[in-house]
Q: 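Right, I'll just put the structure down here and ask away after.
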Amino acid sequence: MSDSVSPFRAPPSNPSFPNLEVDILKFWDDNNIYQESLAQRSDAPSFVFYEGPPTANGLPHPGHCLTRAIKDVFPRYKTMRGYRCERKAGWDTHGLPVEVEVGKELGIHSKEEIEAYGIEPFIQKCQQSVWRYMQQWQTLTRRLGFWVDLEEAYVTYHQSYVESVWWSLKTLFERGLLYQGHKIVWWWAQGGTALSAGEVGQGYREVADPSVYVLFPLVDSPGRSLVVWTTTPWTLPSNMFAAVHPELEYSVVRDEELGCELVIASALVEMIAAKLKRELPIVETVRGQSLIGKRYVPPFDAYHKTLGEATGELTTGETEHKLWRVVAANFVTTESGSGVVHQAPAFGEVDYDVLIEEQKRFVESDRPELLCAVGPDGKFTDEFPEMKGVWVKDADKPLARTLREAGRLLLLDQYLHDYPFCWRADEDPLIQYPRRSWFIRTTRFRDLMLKNNSQIGWQPEHIRDGRFGNFLESNVDWALSRERYWGTPLPIWVCQETGRMEAIGNYDELLAKPGIEGTEVWAKAKAENPELADDLRVHKPYIDAVTYDSPFAKGARMKRVTEVIDCWYDSGAMPFAQWGWPQQNNDRFQDQFPADFISEALDQTRGWFYSQLAISTMLFGEGSTITENSTNENSTNKNSTNKAAPNFAEQAYPHPYRNCIVLGLMLGEDGKKMSKSKKNYREPSEIFDKYGADALRWFFFAGQPPWTAIQYREQSIKDSIPEFLLRLWNVFSFFSIYAAIDGFDPTSATKADDQLTPESLSSAPTYRDVNERSEIDRWVLSELDHTTEVVVSCMDELDNYNACQALSAFVDALSNWYVRRSRDRYWASEKASQDKYDAYWTLYETLLQTTKLVAPFVPFLSETLWQHLTHPFAGGTRKSVHLCDYPVADASRIDTGLSTSMKLLREIASLGRSARAEAKLKVRLPLSKVEVVLADESEIAWLKTHDSLVREELNVKAVDYTTDGDQYVQYSVVPNFKRLGPRVGKNMPVVKKMLAETDGNTLLTALAKDGFVSIELPGAETLKLDNEDIEVRLQAKQGWAAAQGSGSVVVLNTEVTDELRQEGVAKDLIRTIQNQRKEMQCDYTDRIVVGVVSDEEDVKAAVTMHRDLICGETLASKLDLAAVASVDPVETEFGQVYVQVEKS
RNA sequence: GGGCGUGUAGCUCAGUUGGUUAGAGCGCGUCGCUGAUAACGACGAGGUCCCAGAUUCGAGUUCUGGCACGCCCA
């Protein structure tokens, strides 16, 4: 090799990965590596990734690290595989959480307070507040190595984004898919606002409510009443129906005290009788079905006096009373109550569904209308004059009293249950309350959504038919509107005179309306505060001020509805709205739709996964047509691409995403949900500082499949360092040290290309064809290419876990077999031997390829390795490993036979060590022989050529292989179950028994002679078994120092001769002396003088016989069987050992 | 209450279409190496595969019913 100074830099021996990572971040920034990785693929086929927009309105936590790591690894991989993978960041910026944050800041929380504060300054604050934690998000994203275009991020409050959403809503509106209806919400009456499910969930606590059993007298059966149970007496005035389960049995019982008959579910009669403390003899029993349709008198007559006899026409042409009938409902149970359920659809979502079902039975003009005697303030309205102005919860007692006085109260009791209170005002109970709301008719698309879903590649697969599929099956119309302030305004304008409506698709379209007024509100605000983001002009309150002439009635004005929309709709519109499509960027949208890959956590099933699928199916699915804004001739289409709005009806499912990895929930150290108060997790920044981003990433990728619930364990993150990162580093470090010593110069490959592919390195004069290299070289390269094959096929299937398993196993084999077995080849004193060149080239190539393989997973470490490994080329190679192509397996290098043989060899070495340990014969003590018994001969010839390796590993003088190991081994023959199962079936246990009972050796002999053995089955049937049909197992006999593996048994010759023992002592002495050298902190070139004083003959003999060996190994210039003056001896089992450093 | 998922070694987790010796890492124990060295390696102990039934020649794996935990929805 060249005598010039090695171009390799010696790497730090104990690297600080966190520090190296920070350097790499700077390197990437300084050199625009990410941008270049994209530019390099500008003409490549695209692999489309969508970023599910996080909300920057909260701190990022470890769960987000997982999401962002997974979102990073596949785009990186695909990019290296030759695709163009753009990664546009995005931020979710609208919604209640933002309003709440701002409210906290301002010390206000009710809607009244917000309005008192002023909507205009409030939403301005919202817009500013969205970025509250932006810095942390960006820092985390960058530090984790998540490559994404933060500068080009889409933002849901941007005008272009809002306009895309408007366009889609207008499309839906014009297709008749938007409508107004009621939605029963959890309502905070005092604050005048609905609460989200999450908020409601926070406020449950146990309370005692009245439990009343009320009589509903049946109209057509005088003296007979339904018994109805409720814990909310205040809902009784708004009663509309009573529900029974058609399949349940009901009893008519006689109540002597009241002098009437009661209808109660049979299963509950006893319970109610016990509460009443009186007998309720059964008069008759009936099925729920027979009660259906029976009319009753409601407990209060507020509505009854006018509507009591109201009838309507059914769709069947018949006539039926609209209200106060018994209806069927299968949610009725007999767990509590009476089995007859009071229905006040205004105050219960389930009850409301019953009303909807009832309404559907009637012709449209004759439907029962919702009864609601309570106002949004939670107080009775004049529809129930008796209690007008009374807060509902205060009405419970007086209502019960009224019922009692009217003889309608069977029983008053108390009932303990959990009931939600407002989390912001915990004295305020929430009530369910109907609100006018806008809906999207998603139910009409249920089957198409299911069809679309069925084509999506879900990871894990059970999401498709499980959680997500079920959710789609039970689809209900999307409640779109929110009575809030900070959100995308619902773009519907209403004629103030006729109530007719139209949707607006973008801001210019609005401005072009005739008689436009109100735009000055925005102009004024902007003039007063030029800093205001222009995007705010499409938000409340500015947009609300904009009105125009009604096309429906002369002189009337069009005014926007007041609502904003659900921010899930924002995020679901992201596939087109991120581009501002269709107003602009048609080509970008066309290119980037649908996504090949998205990933979020499980909680997005009903969130982003759904909102995207629903919107895409409605807009671009089968049967949909995209209409041009033809009615709006004034709209200024700045971009001609707007005209080219495609018809996506032809777009094959699935869209808008083809593959989705659903990540499991991340749990804290204690296996519980992560929570700041419990402090059961580490802050990401601490992890980065202590262990580095690669350690965290590897923990995510290699620890478990990503969809399992992951327990965040600091120890596991820490473990990824020695298990993988450091192990790989050590191999590299080993290589660098010796490459530097020997002056190994890869630049001698004059035709080396900029990715240092093996083909191009072969131009080096010292580079030999792999086939000519030693076996271990061929072996490691075979393993490398096999690993490459596995990793590529896993990653193509989005399976990071098994890809990492393969990588981990390979790095282990590289470190613990290849390098270990090859060390002396690098130490060889001959600098220019071909074997040494082979060793260097093999390890160099292996490291290069491994570095590329691990690049998507551990981008920092791989970059560091790449920089070092390519350093000799002084800039002639690609600047970054991330600009390289992903390795492709070279099938010609994969030698499965060699792989199998080597595996057996390693097993034999391992068994030998095991046998030694068992027999308490330490490896340092040489043994004369091992005998290896194999099940068959196929590998013997190959193994024999590796005797020296086995001798060395096991420290024995000789190795013998045999298949005839009767002496040591018991043969047993078992059937090959998998093969014979189908053929033998029920007789399998018999076959197994017969094979076991026959002498193994006899069978094997017969098999060898005839190629088959015959077995007589009980049914006089003869079974011929060839050697594929059976499996030979070896079992070491007792009394031998032996260990057995799957196909081999290793037997030790335990006879220890004097010679062997003395050699063992010599090796022990060497070790003792080496330890002493270390104690004395010798430099490894220091010469020493050694003295050994012992009474034992073996020790004396060992020193005499093996003086050269001992001196050579320990760099001793002198070794005597005498004390060394002025040195303290170490006491050992061999006597006293003196070691002194020689004065130079 | 419904849906979905999970339950395998002390801990964290793998386990391919059912095939008869259930794996890994950590931890623990023993030993080794000392020219990758504040590292490293080998070997070992440790398992009623949550429980009970069923299907099957054969079940950690399929089915049914429980139990426990988690998530989502009521």
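Throughout, a chain's letter reflects where its sequence line sits, starting with A, and its residues are numbered from 1.
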Q: Quickly work out the Leu602(A) CG to rC71(B) P distance and round it to whole Å.
A: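 Taking CG of Leu602(A) and P of rC71(B), I get 11 Å after rounding.
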Q: Once you round it to whole Å, what is the distance between C1' of rC4(B) and CG of Leu665(A)?
A: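 Checked: the CG to C1' distance equals 13 Å.
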Q: With distance as the sole criterion, is a donor-acceptor pair present between the side chains of Asn453(A) and Tyr610(A) under 3.5 Å?
A: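 No.
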Q: What is the nucleic acid contact for Gly981(A), judged by heavy atoms within less than 4.0 Å: base, sugar-phosphate only, or nothing?
A: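 Here Gly981(A) touches the bases of the nucleic acid.
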Q: Holding to salt bridge (charged side-chain N to carboxylate O under 4.0 Å, His left out), I want the full list of residues that pass it with Asp477(A), two or more places apart in sequence or in another chain.
A: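 Applying salt bridge (charged side-chain N to carboxylate O under 4.0 Å, His left out) to Asp477(A) gives none.
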Q: Which of the following nucleotides, rU20(B), rA36(B), rG5(B), is nearest to the side chain of Arg823(A)?
A: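 Of the options given, the side chain of Arg823(A) lies nearest rA36(B).
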Q: With a 4.0 Å cut-off on heavy atoms, is Val991(A) in touch with a base, just the backbone sugar-phosphate, or nothing at all?
A: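 Nothing, no nucleic acid heavy atom in range.
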Q: In whole Å, measure the gap between the P atoms of rA52(B) and rU12(B) for me.
A: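 About 23 Å, rounded to a whole number of Å.
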Q: Could you measure between the two C1' atoms, the one in rC73(B) and the one in rA9(B), and give it in whole Å?
A: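 Per the computed distance, 36 Å lies between those C1' atoms.
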Q: Could you check which nucleotide pairs with rG5(B) in any of the strands shown, counting Watson-Crick or G-U wobble with both distances under 3.5 Å?
A: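 Answer to the pairing question: rC69(B), which forms a Watson-Crick or G-U pair with rG5(B).
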Q: How long is the line joining CD of Glu797(A) and P of rU16(B), in whole Å?
A: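 To the nearest whole Å, that distance equals 16 Å.
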Q: From CZ of Arg606(A) over to C1' of rA74(B), roughly how many Å is that when rounded to an integer?
A: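 One finds 10 Å between C1' of rA74(B) and CZ of Arg606(A), rounded.
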Q: What contact category does Pro705(A) fall into here, base, sugar-phosphate, or nothing, at under 4.0 angstrom with non-hydrogen atoms?
A: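 Sugar-phosphate only.
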Q: Just to verify, what does Asp353(A) make a salt bridge (charged side-chain N to carboxylate O under 4.0 Å, His left out) with, not counting sequence neighbours?
A: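 Testing Asp353(A) for salt bridge (charged side-chain N to carboxylate O under 4.0 Å, His left out), a comparison that skips the adjacent residues, returns none.
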Q: Distance check needed: rC31(B) C1' versus Leu925(A) CG, whole Å only.
A: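 Computing the Leu925(A):CG to rC31(B):C1' distance gives 14 Å.
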Q: Classify the ring geometry between Phe732(A) and Trp729(A) as parallel (under 30°), tilted (30 to 60°) or perpendicular (over 60°).
A: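 Perpendicular.
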Q: For atom P, what is the distance between rC28(B) and rC11(B), given to the nearest Å?
A: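 One P to the other, the span is 15 Å.
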Q: Can you find an N or O donor on one side and an acceptor on the other, under 3.5 Å apart, linking the side chain of Lys978(A) with the base of rU17(B)?
A: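 Such a pair exists between side chain and base.
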Q: How many Å lie between CD on Gln715(A) and P on rC26(B), as a whole number?
A: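 Taking atom P of rC26(B) as the reference, CD of Gln715(A) is at 10 Å.
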Q: Name the closest nucleotide to the Tyr738(A) side chain, picking from rG35(B), rC57(B), rA14(B).
A: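 The answer is rG35(B).
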Q: Strictly by Watson-Crick or wobble contacts shorter than 3.5 Å, is anything paired with rU64(B), and which nucleotide is it?
A: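 Across any shown strand, rU64(B) pairs with rA52(B).
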Q: What nucleotide among rG19(B), rA36(B), rC4(B) has an atom nearest to a side-chain atom of Ile737(A)?
A: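 That would be rA36(B).
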Q: Between rC49(B) and rU37(B), how far is it from one C1' atom to the other, in whole Å?
A: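 Taking atom C1' in both rC49(B) and rU37(B), they lie 41 Å apart.
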Q: Applying salt bridge (charged side-chain N to carboxylate O under 4.0 Å, His left out), name anything that partners Asp351(A), two or more places apart in sequence or on another chain.
A: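 Asp351(A) satisfies salt bridge (charged side-chain N to carboxylate O under 4.0 Å, His left out) with no residue once adjacent residues are dropped.
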Q: Say whether Glu714(A) and Tyr691(A), considering side chains only, have a donor N or O and an acceptor N or O under 3.5 Å apart.
A: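 Checked: Glu714(A)/Tyr691(A) side chains pair up, N/O donor to acceptor below 3.5 Å.
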Q: Compare side-chain N and O positions of Ser716(A) against OP1 and OP2 of rC11(B) and report whether any pair is under 4.0 Å apart.
A: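 Indeed not, no polar side-chain atom of Ser716(A) lies that close.
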Q: Counting only side-chain heavy atoms from C-beta out, which of rG70(B), rC57(B), rA14(B) sits nearest to Thr708(A)?
A: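 The answer is rA14(B).
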Q: Gln715(A): what forms a side-chain hydrogen bond (donor to acceptor under 3.5 Å, both in side chains) with it, not counting sequence neighbours?
A: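 Gln715(A) satisfies side-chain hydrogen bond (donor to acceptor under 3.5 Å, both in side chains) with Asp719(A) once adjacent residues are dropped.
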Q: Distance check, C1' atoms only: rG27(B) and rC4(B), in whole angstrom units.
A: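 Comparing C1' positions in rG27(B) and rC4(B) gives a spacing of 34 Å.
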Q: Let's see if you can work this out: which of rG5(B), rC26(B), rA36(B) has an atom nearest to the side-chain heavy atoms of Val731(A)?
A: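 Looking only at side-chain atoms, Val731(A) lies closest to rA36(B).
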Q: Could you check whether Asp742(A) and Tyr840(A), counting side-chain N and O atoms only, form a donor-acceptor pair closer than 3.5 Å?
A: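 Note: Tyr840(A) and Asp742(A) side chains meet the donor-acceptor criterion.
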Q: In whole angstrom, what separates Asp1029(A)'s CG from rC57(B)'s C1'?
A: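 Taking CG of Asp1029(A) and C1' of rC57(B), I get 16 Å after rounding.
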Q: Looking at rG32(B), which nucleotide sits across from it as a Watson-Crick or G-U wobble partner, both distances under 3.5 angstrom, or is there none?
A: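 Across all strands, the one nucleotide that pairs with rG32(B) is rC40(B).
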Q: Could you identify the nucleotide paired to rU20(B), looking across every strand shown and requiring Watson-Crick or G-U wobble geometry with both distances under 3.5 Å?
A: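 The answer is none; no pair meets the criterion.
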Q: Classify Phe735(A) by what it touches in the nucleic acid, base, sugar-phosphate, or nothing, heavy-atom distance under 4.0 Å.
A: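 Contact class for Phe735(A): none.
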Q: On a plain distance test, is the side chain of Arg1071(A) in donor-acceptor contact with the base of rC33(B) below 3.5 Å?
A: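 Flag unset: no donor-acceptor pair detected.
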Q: Report the distance from atom CH2 of Trp458(A) to atom P of rG5(B), rounded to the nearest whole Å.
A: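 My rounded result for the distance is 14 Å.
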Q: What integer number of Å spans the P atoms of rC63(B) and rA24(B)?
A: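 Taking atom P in both rC63(B) and rA24(B), they lie 28 Å apart.
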Q: Which letter, B, S or -, goes with each nucleotide of nucleotides 39-44 of chain B from 5' to 3', with contact meaning a protein heavy atom under 4.0 Å?
A: SSSSSS
Q: Going by side-chain contact (heavy atoms from CB on, under 4.5 Å), name the residues that satisfy it together with Asn976(A), two or more places apart in sequence or in a different chain.
A: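 Partners of Asn976(A) under the side-chain contact (heavy atoms from CB on, under 4.5 Å) test: Lys978(A), Arg979(A).
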Q: When rounded to the nearest Å, what value does the distance between P atoms of rA36(B) and rU30(B) take?
A: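 Pairwise P distance, rA36(B) against rU30(B), rounds to 26 Å.
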